[in-house]
Amino acid sequence: MGVCGIVGYVGHRPALDVVLGGLRRMEYRGYDSAGVAVLDGAGRLTVERKAGQLANLEAELDAVGRDGFAGTAGMGHTRWATHGAPVDRNSHPHRDATERVAVVHNGIIENFAALRAELEAAGVELSSDTDTETAAHLIARAYAEGDTAGDLPASVRAVCRRLEGAFTLVVTHADRPDLIVAARRSSPLVVGVGAGETFVASDVAAFIEHTREAVELGQDQLVVITRDGYTVTDFAGEPAQGRPFTVDWDLSAAEKGGHEYFMLKEIEEQPDALANTLRGHFDGSGIVLDEQRLADQDLRDVDKVFVVACGSAYHSGLVAKYAIEHWTRLPVEVELASEFRYRDPVLDRDTLVVAVSQSGETADTLEAVRHAREQKARVLAVCNTNGAQIPRESDAVLYTHAGPEIGVASTKAFLAQIAANYLVGLALAQARGTKYPDEVAREFAELEAMPAAVRKVLSTTEQVRDLGRRIADSKAVLFLGRHVGFPVALEGALKLKELAYMHAEGFAAGELKHGPIALIEDGLPVVVVMPSPKGRGVLHAKLVSNISEIQARGARTIVIAEEGDDRVRPFADELVEIPAVPTLLQPLVSTVPLQVLAAEIARTRGYDVDKPRNLAKSVTVE
Ligand code: M6R
């Protein structure tokens, strides 16, 4: 995970300065609002929070005066919106009704709707749309009454036991300016151990200028920090151990999580991006979308689907077409958003337009959405940026929770888009009854196994990096694939163009003989994405003959194939093995070596892979 930035401090310095410094160090992660809380010895807990950049928060602190923030214990947060738009009242820290407890949170509390209903039934008024605020109220109640009364760590533990999902929580109470409590489940949390001061953070970057001595907490652990040190327990209160380590990064590397480039960090984050995108979208009986402003009947009435998107997002749509048609028996057209409205597409109220965009601000996609709505089509956005324009103008939304993507080249957002598009397909199939609930559950379980498969690919990338260095001076590279491997070939070529400024083309392998084979010359690298020999047996055999044809004409064949695919081995000058996964899910693993290859070729050629020339992360002009 690791989406929001969190820092907490108990020590001898002014906490506000330490916390703001920590938040600044984590700015690289991207965020849409920020906030701080400081405790002083006189039992005052002072909070300030603001939508937008840290500069907005600092201006607000100057406006209200920093005198109220004089304590040496405090915490801060930079938020990347998940539940609730990025506005002041949804920014962290969140407090309970008495304003004695403050909480910052990273992650998603999956059972927050039930917890919220419980609090409302007990007469608690919630002041934000977030899942986090429920934790603040629950902890305040646990601290006020029952077995845990007056014991902040025990109160936090009791609430953690009730939370489902992934979270890092940092909690303060005005009664306890001497300590801060933090807890984690499936979301990062590290302790920084200094002399007479202790830190907690989602990322060592937050405290690395003060100490390099760190302790990583394990799953379902809680830590209490004071200026003299820290104590770890599990959620039942039993003593537990963190993993101490010494940070050996310098400051600039720490901001990129120890990586040379954001893109390399984002490639590594793909298993988490996938897991977070899937999390909370299956409730035991079916697929759940995020903001559903469409009636079930609308989904049942859909008779045609368009996916509109640009660049990598468009490729994610091409991948999804295979799955959505197969699962729903609906025709799916995938269209470049920039072309869509200029050709007068046939749309009506039974057409579902799926608009896929990482940024949610891409002008071509936004205009396609507006055109579709004018024609009365229903629009469902798949977007990585909460509250962006495209989701705001759509009838329904499914957010990819890939976290902020800073490298211009799309990597983790692309994989998350494929997963989210698949969820849309399954939601349609369940609404239309083309899949039984147990079949939907099975497909979802297969998707849930994908983060582990991607992690496996990531553990074996050295071979691909070495290959990248060896072919970095090639004039051009071709990419071939069939079925879902065809859009993967297009994506591999796009990555190479934008990062390495190298001529690269992706083709459907069956088209080769209709023209592109004329391009093959001695030594030309050709990357081939093989289908599974089991899943698409006929296509596999055809692709093996395509490879033998190009190899016979002198191409240097680089073959991405399933482990144990012995039939293709004799035709592969370089064989890159990927784990065997279900046919429709193969793009989630086969794309990864192509991303690594493009990044390594670009690095070898001396280019900045985060900021390729002539490109912007978000293209807000048509
Ligand atoms: O923010 P969006 O997903 O709408 O962006 C679409 C394209 O501009 C984007 O995918 C672009 O192609 C990437 N640079 C590809 O790596």
Side-chain angles (χ1 to χ4, degrees), residues 30 32 80 261-264 266-267 269-270 273 277 307-320 334-340 353-370 372 379-394 397-421 479 487-502 504 506 587 591-592 594-599 601-602 607-622:
D32 48 40
W80 175 262
Y261 286 106
F262 286 114
M263 181 192 169
L264 305 180
E266 286 157 6
I267 288 174
E269 286 171 347
Q270 293 187 109
T277 298
V307 181
V308 291
C310 306
S312 294
Y314 167 71
H315 295 156
S316 82
L318 290 176
V319 171
V334 188
E335 180 116 10
L336 290 167
S338 53
E339 290 294 315
F340 183 67
V353 172
V354 181
V356 186
S357 173
Q358 187 283 130
S359 60
E361 303 289 347
T362 300
D364 289 318
T365 313
L366 180 58
E367 290 306 327
V369 166
R370 288 178 175 157
V379 178
L380 189 157
V382 169
C383 182
N384 196 40
T385 314
N386 197 301
Q389 198 62 25
I390 290 171
R392 281 213 300 273
E393 296 197 20
S394 299
V397 186
L398 202 148
Y399 284 110
T400 47
H401 292 293
E405 191 175 68
I406 293 171
V408 163
S410 186
T411 52
K412 61 177 181 172
F414 174 69
L415 256 58
Q417 282 163 349
I418 295 176
N421 295 345
F479 293 78
V488 172
L490 296 178
E491 176 65 6
L494 177 63
K495 288 280 98 65
L496 199 54
K497 282 177 208 163
E498 67 177 335
L499 295 174
Y501 320 147
M502 195 184 260
T591 304
V592 178
L594 306 190
Q595 298 166 339
V596 173
L597 183 71
I601 294 177
Y607 302 140
D608 179 340
V609 302
D610 284 338
K611 295 194 187 75
R613 70 185 179 202
N614 307 337
L615 291 174
K617 182 68 185 160
S618 170
V619 187
T620 52
V621 288
E622 269 192 84

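By convention here, the first residue in the shown sequence is residue 1. Read the numbers this way: they start at 1 and go in the same order the structure lists the ligands and their atoms.
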Under 4.0 Å from a heavy atom of Ser312: which atoms of ligand 1 are those, numbered in the order shown and with their elements? 10 (O), 12 (O), 15 (C), 16 (O)
Under the side-chain contact (heavy atoms from CB on, under 4.5 Å) test, residues paired with Ala413 that sit two or more places apart: Gln358, Glu405, Ser410
Do Leu415 and Gln595 come close enough that some side-chain heavy atom pair is under 4.5 Å? yes
May I ask whether Lys495 places a heavy atom under 4.0 Å from ligand 1? yes
Within ligand 1, which atoms have a heavy atom of Val408 less than 4.0 Å away? 13 (C), 14 (N)
Do Leu366 and Glu393 come close enough that some side-chain heavy atom pair is under 4.5 Å? yes
Would you mind finding which of Ser410, Cys310, Ala309, Ala337 brings a heavy atom closest to atom 6 (C) of ligand 1? Cys310
Under 4.0 Å from one or more heavy atoms of Ser359, ligand 1 contributes atoms 1 (O), 2 (P), 4 (O)
Select one of side chain, backbone, both or neither to describe which atoms of Glu498 lie under 4.0 Å from any atom of ligand 1, heavy atoms only. side chain
Would Leu499 and Tyr607 count as a side chain to side chain contact (heavy atoms under 4.5 Å, CB included) here? Give the steps. CA-CA 7 Å; Leu499 295 174; Tyr607 302 140; over 6 Å; no
Quick one: which ligand 1 atoms are inside 4.0 Å of a heavy atom on Thr362? 1 (O), 2 (P), 4 (O), 5 (O)
Does a donor on one side chain and an acceptor on the other come within less than 3.5 Å for Lys495 and Ser312? yes
One finds that the ligand 1 atoms under 4.0 Å from a non-hydrogen atom of Ser357 are 1 (O), 2 (P), 3 (O), 4 (O)
Using modelled atom types only, decide if a donor and an acceptor are shared between the side chain of Glu266 and the backbone of Ile406 within a distance under 3.5 Å. yes
Counting only heavy atoms not in Lys497, do more than 12 sit closer than 6.0 Å to its NZ atom? yes
Identify which one of Leu336, Val356, Asp364 satisfies the side-chain contact (heavy atoms from CB on, under 4.5 Å) criterion when paired with Cys310. Asp364
Contact atoms of ligand 1, heavy-atom distance to Ala313 under 4.0 Å: 3 (O), 10 (O)
Per-atom contacts of ligand 1 with Ala409, taking only distances under 4.0 Å to non-hydrogen atoms: 16 (O)
Numbering the atoms of ligand 1 from 1, which are under 4.0 Å from a heavy atom of Gln358? 1 (O), 2 (P), 3 (O), 4 (O)
